[in-house]
J.: 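One structure coming up, written as structure tokens, with questions to follow.
Everything numeric here is computed off the predicted structure, so don't read it as measured data. Side chains included, hydrogens not; waters and symmetry mates left out as well; all remaining heavy atoms used.
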Amino acid sequence: MPLVVQRRELTLWEQLYFPALLAGFAITLRHFFMTLFGDRRKKVTLEYPEEKWPVPRGYRGAPTLVRDQEGREKCVACQLCEFVCPPRAITIQPGELPSDAKNSKIEKFPEKFQINMLRCIYCGFCEEVCPEQAIFLQQEYSLTGYSREELIHDKQKLFELGGVMEDKIFKWKNK
Ligand code: SF4
Ligand code: SF4
């Protein structure tokens, strides 16, 4: 059963255009004088992009790839994130590790890993599904570029943005 919310009748004062307009100007003027003469801690603007708003814990910014504390790529190219990504923003080309490699136990690694940030909807499914805790949505929210190609992040860019994330589980080791 849908809930119908009755629209309230506006008063004559509310129906006039100018009171609302003047109230808006009053707020702008208040902030203007507060910034000029008031306590500077109360300023309401930031010098963006040098200053940025702090984001809350768990904020979902750009997806990135991370290395563990030994500098090792955590991704094992299982392609689960590629499969689950709703807008198909992820493209992975797995490569096979040679049998004499130090970490050959893992078998696969991402030869190519791309995330198309023009498609990404910041849903976080890739982070949730990853069995290796290799992909994280971090706090970066201001990604810009001069071309569409710049916003297709390759493996190098993804690791650059991701950095190192301490691995608490560390379920596999080198041979
Ligand atoms: S955050 Fe969502 S849309 Fe973006 S890459 Fe991950 S799964 Fe795809
Ligand atoms: S980031 Fe995680 S889910 Fe995606 S391919 Fe690598 S290991 Fe698999």
Side-chain angles (χ1 to χ4, degrees), residues 1-67 74-75 79-92 112-168:
M1 186 74 181
L3 174 70
V4 180
V5 179
Q6 295 302 330
R7 188 180 288 247
R8 181 174 68 80
E9 284 290 320
L10 295 179
T11 62
L12 180 64
W13 180 257
E14 286 169 335
Q15 286 178 42
L16 293 174
Y17 174 68
F18 283 103
L21 196 67
L22 293 175
F25 279 138
I27 292 171
T28 308
L29 275 177
R30 183 156 52 85
H31 285 304
F32 174 73
F33 285 114
M34 251 172 52
T35 309
L36 269 188
F37 308 114
D39 184 348
R40 291 199 57 82
R41 281 170 303 179
K42 284 188 187 156
K43 69 177 182 179
V44 291
T45 53
L46 284 177
E47 288 183 26
Y48 184 85
E50 287 78 18
E51 291 179 51
K52 286 184 184 168
W53 290 110
V55 292
R57 247 171 73 87
Y59 177 84
R60 294 204 300 250
T64 63
L65 288 176
V66 296
R67 294 178 192 274
K74 291 174 78 176
C75 175
Q79 293 177 278
L80 273 176
C81 55
E82 183 181 19
F83 178 74
V84 84
C85 176
R88 301 193 174 182
I90 302 178
T91 311
I92 300 168
K112 279 192 191 159
F113 199 122
Q114 274 186 348
I115 302 185
N116 186 339
M117 293 310 297
L118 300 164
R119 285 191 177 188
C120 177
I121 53 171
Y122 300 81
C123 64
F125 284 3
C126 49
E127 179 180 322
E128 274 183 48
V129 83
C130 178
E132 298 295 333
Q133 300 189 327
I135 187 164
F136 282 91
L137 272 69
Q138 301 210 31
Q139 302 201 325
E140 183 57 73
Y141 59 83
S142 108
L143 294 167
T144 53
Y146 289 105
S147 64
R148 299 179 79 80
E149 288 71 32
E150 270 183 67
L151 290 169
I152 299 174
H153 292 170
D154 61 9
K155 187 173 150 180
Q156 191 191 345
K157 173 87 178 171
L158 291 167
F159 275 116
E160 219 171 86
L161 288 170
V164 172
M165 195 161 280
E166 291 263 323
D167 194 347
K168 298 205 174 72

J.: Please tell me if the side chains of M117 and I115 come closer than 4.5 Å, counting only heavy atoms from C-beta onward.
T.: yes
J.: Would you check if P131 and L80 make a side-chain contact, meaning some heavy-atom pair closer than 4.5 Å?
T.: yes
J.: Do other residues, nucleotides or ligands put more than 12 heavy atoms under 6.0 Å from E14 CD?
T.: yes
J.: Taking the side chain as every heavy atom from C-beta outward, state whether P63 and C120 have any pair of such atoms under 4.5 Å apart.
T.: yes
J.: Within the distance-only criterion (no hydrogens, no angle test), does the side chain of Q114 pair as donor or acceptor with the backbone N or O of I152 below 3.5 angstrom?
T.: no
J.: I want to check something: taking the side chain as every heavy atom from C-beta on, are P19 and W13 in contact at a cut-off of under 4.5 Å?
T.: yes
J.: Checking Q79 now: which residues fulfil side-chain hydrogen bond (donor to acceptor under 3.5 Å, both in side chains) with it, not counting sequence neighbours?
T.: E82
J.: Could you go through the side chain to side chain contact (heavy atoms under 4.5 Å, CB included) check for C130 and F125 one step at a time?
T.: CA-CA 9 Å; C130 178; F125 284 3; over 6 Å; no
J.: Decide yes or no for L46 and W53: does some side-chain heavy atom of the first lie under 4.5 Å from some side-chain heavy atom of the second?
T.: yes
J.: Taking R88's backbone N and O only, do any of them form a donor-acceptor pair with R119's side chain (distance below 3.5 Å, no angle check)?
T.: yes
J.: Just by distance, do the side chain of R67 and the backbone of V164 share a donor-acceptor pair under 3.5 Å?
T.: no
J.: Quick one: does NZ or CZ of K52 land under 6.0 Å from the six-membered ring centre of Y141, within 45 degrees of the ring axis?
T.: yes
